[in-house]
Protein chains: 2
Amino acid sequence: MGKAALKSPARKRTAPKQERQQQLIQATIRSVAKNGMSDTTMATVSSEAGLSQGIINLHFQSKDRLLVETLRFLSEQYRETWEKAVFKAGDDPADRLAAMVAMDFKAPVCDRNKLAVWFAFWGESKSRPTYRKICAMRDMEYRAELQQACHDLVDQGGYQNLDAKSVAASLSAMTSGLWLDLLTNPRCMTREHARRICMSYLAITFPRHFPGRSKQP
Amino acid sequence: MGKAALKSPARKRTAPKQERQQQLIQATIRSVAKNGMSDTTMATVSSEAGLSQGIINLHFQSKDRLLVETLRFLSEQYRETWEKAVFKAGDDPADRLAAMVAMDFKAPVCDRNKLAVWFAFWGESKSRPTYRKICAMRDMEYRAELQQACHDLVDQGGYQNLDAKSVAASLSAMTSGLWLDLLTNPRCMTREHARRICMSYLAITFPRHFPGRSKQP
DNA sequence: TTGCAATGAATGAACAATCATTCATTCGCT
DNA sequence: AGCGAATGAATGATTGTTCATTCATTGCAA
């Protein structure tokens with residue numbers, strides 16, 4: 001054991017496998033956001049990570065696997081985030097809905113780089129069954145939770161004319177549509193504004209459980 | 001002149017410039033839908049068009065310009081389509097809204113190939129200012145029209161608590177979100193179902209101008 | 001009509017650049 | 001010393017672009 005502490009403690013040259021993989025996935029997100037999926041190469045990713053050329057093949061075997069693992073990471077982070085939010089919200093279905101909406105427009109999920117990457121994967125999803133499966137699973141799980149909360153609220157609040165499934169589909173669609181605004185039009189749309197728009201939808205849909213919509217800009 | 005009609009009348013070897021360019025843009029849409037943006041090459045496009053390697057540089061100078069012109073085509077076709085739909089709908093703002101929603105989920109706009117291409121461009125838009133400008137302009141024009149119709153309906157129908165801008169933003173977001181469903185989950189979402197979801201939103205937002213929402217699946 | 005240049009659209013082989021992947025070597029930790 | 005992590009030059013495949021050539025069409029002369 002060396003006498004001196006020595007070394008830049010900030011960045012070890014050799015790191016545990018999982019840590020390096022995570023580092024490369026983060027670099028992939030930055031590269032896809034900065035250069036687009038088409039211009040993201042092994043070189044742009046490894047350079048973004050501050051590591052060498054061959055590092056990706058060492059940890060992920062191929063570029064394809066790196067991209068799949070990146071999508072899987074985004075997908076799992078999304079699920080963990082809303083699961084946590086729902087748990088914290090407790091039993092009340094209205095609280096659960098509000099928590100899921102809030103989560104959709106806050107870090108770590110709603111980050112401009114990550115939004116760009118989501119859309120990049122969606123754009124490739126028609127030609128890549130693996131992407132489509134991961135996306136479909138994320139969507140299914142999220143929407144099932146949304147639907148459950150809507151169903152509970154319809155029951156508990158006596159909204160007999162509402163179809164929980166349709167409301168969940170509407171809310172989910174609105175969310176991804178607002179993500180698009182945040183991505184392509186960040187000057188006209190903020191995360192807080194996007195959240196308010198979703199809450200307005202909840203307000204007219206479940207008027208007895210959410211504060212009424214006002215003429216906000 | 002010529003005795004025999006001669007020639008395969010179906011495909012002339014030399015065609016007017018504009019016709020060839022259109023042919024190549026259609027081939028680009030098919031290739032991006034089939035192979036994704038990353039795996040769309042000069043070879044896949046020209047082969048999809050049934051033409052030779054050099055043909056794209058002859059007509060578009062570069063791959064970049066081909067892609068930009070493809071996005072511009074989609075954007076202009078979208079605008080022409082909704083302009084026509086709004087014109088046909090006449091003066092009534094509720095009719096105009098319904099017409100724009102219907103147009104969003106019908107050919108030629110709502111084609112699965114074209115949706116894939118839209119998302120591919122959106123995914124690259126953060127890294128390509130040219131893409132972002134074209135997308136932003138399309139969105140702005142469309143939303144201005146939507147907003148106008150909402151504004152008229154708010155005035156005429158006495159919906160004093162509604163903000164036309166927010167309603168337009170909600171509807172627009174819902175539309176692109178439903179496009180995502182149609183792209184990634186075509187088995188669970190149809191164009192007609194998507195249209196109904198939008199109409200349900202209009203029904204709860206403008207209850208005196210649209211038929212009430214029922215418990216449809 | 002028939003023959004014959006002239007035109008320019010279309011081709012596809014060739015080229016240089018870029019790409020993902022490999023692997024012999026170096027480096028750092030125990 | 002020994003071992004695994006990391007490197008980066010090397011490799012072959014793929015890419016966008018170029019350009020000499022081919023070929024259908026058109027205009028003109030006889």
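On a predicted model such as this, the values are computed, not experimentally measured, just so you know. Letters A, B, ... mirror the listed sequences (proteins, then strands); counts begin at 1.
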Got a list of side-chain donor-acceptor pairs under 3.5 Å for residues 82-92 of chain B, not counting sequence neighbours?
unit_1	atom_1	unit_2	atom_2	d
B:D92	OD2	B:A94	N	3.4
B:D92	OD2	B:D95	N	3.1

What pairs of residues pass the side-chain hydrogen bond (donor to acceptor under 3.5 Å, both in side chains) test when at least one of them lies in residues 100-113 of chain A, not counting sequence neighbours?
A:Y78-A:D104, A:D104-A:Y142, A:N113-B:K126

Under the side-chain hydrogen bond (donor to acceptor under 3.5 Å, both in side chains) rule, collect the residues that match up with A:E48, sequence neighbours excluded.
A:R30, A:K34

Report the end-to-end axis angle of the helix from C:dT1-D:dA30 to C:dT30-D:dA1; each axis comes from five terminal pairs, and the value is rounded to 10°.
10°

Using a strict heavy-atom distance below 4.0 Å, which residues from residues 62-73 of chain B are in contact with DNA chain D?
B:S62, B:K63

Atom pair distance, as rounded to whole Å: CD in A:Q53 and C1' in C:dC19:
10 Å

Note: for A:D39 and B:S52 on DNA chain C, the residue whose nearest nucleotide lies more 5' is B:S52

Let's go through A:F60 and A:L67 carefully: what are the C-alpha distance in whole Å and the side-chain angles of both, what is the deciding distance for side-chain contact (heavy atoms from CB on, under 4.5 Å) to 0.1 Å, and is it a yes or a no?
CA-CA 9 Å; A:F60 290 98; A:L67 291 173; over 6 Å; no

Within the structure, does a side-chain N or O atom of B:R20 lie under 4.0 Å from either OP1 or OP2 of C:dA10?
yes

5' precedence on DNA chain C between B:L58 and A:A43 (nearest-nucleotide basis)
B:L58

From CG of A:N57 over to C1' of C:dC19, roughly how many Å is that when rounded to an integer?
12 Å

Whole angstroms only, please: what is the CZ-C1' distance between A:F60 and C:dT21?
16 Å

By ring pair (Phe, Tyr, Trp, His ring centres under 6.0 Å), which residues pair with A:Y131, not counting sequence neighbours?
A:F121

side-chain hydrogen bond (donor to acceptor under 3.5 Å, both in side chains) filter on A:S38, not counting sequence neighbours, yields B:E124

Can you sort out the partners of A:T44 under side-chain hydrogen bond (donor to acceptor under 3.5 Å, both in side chains), two or more places apart, ordered by chain and number?
A:S31

Run the side-chain hydrogen bond (donor to acceptor under 3.5 Å, both in side chains) test against B:Q26 and tell me which residues pass, sequence neighbours left out.
none

Value in whole Å for how far the P atom of D:dG4 lies from CD of A:E19
19 Å

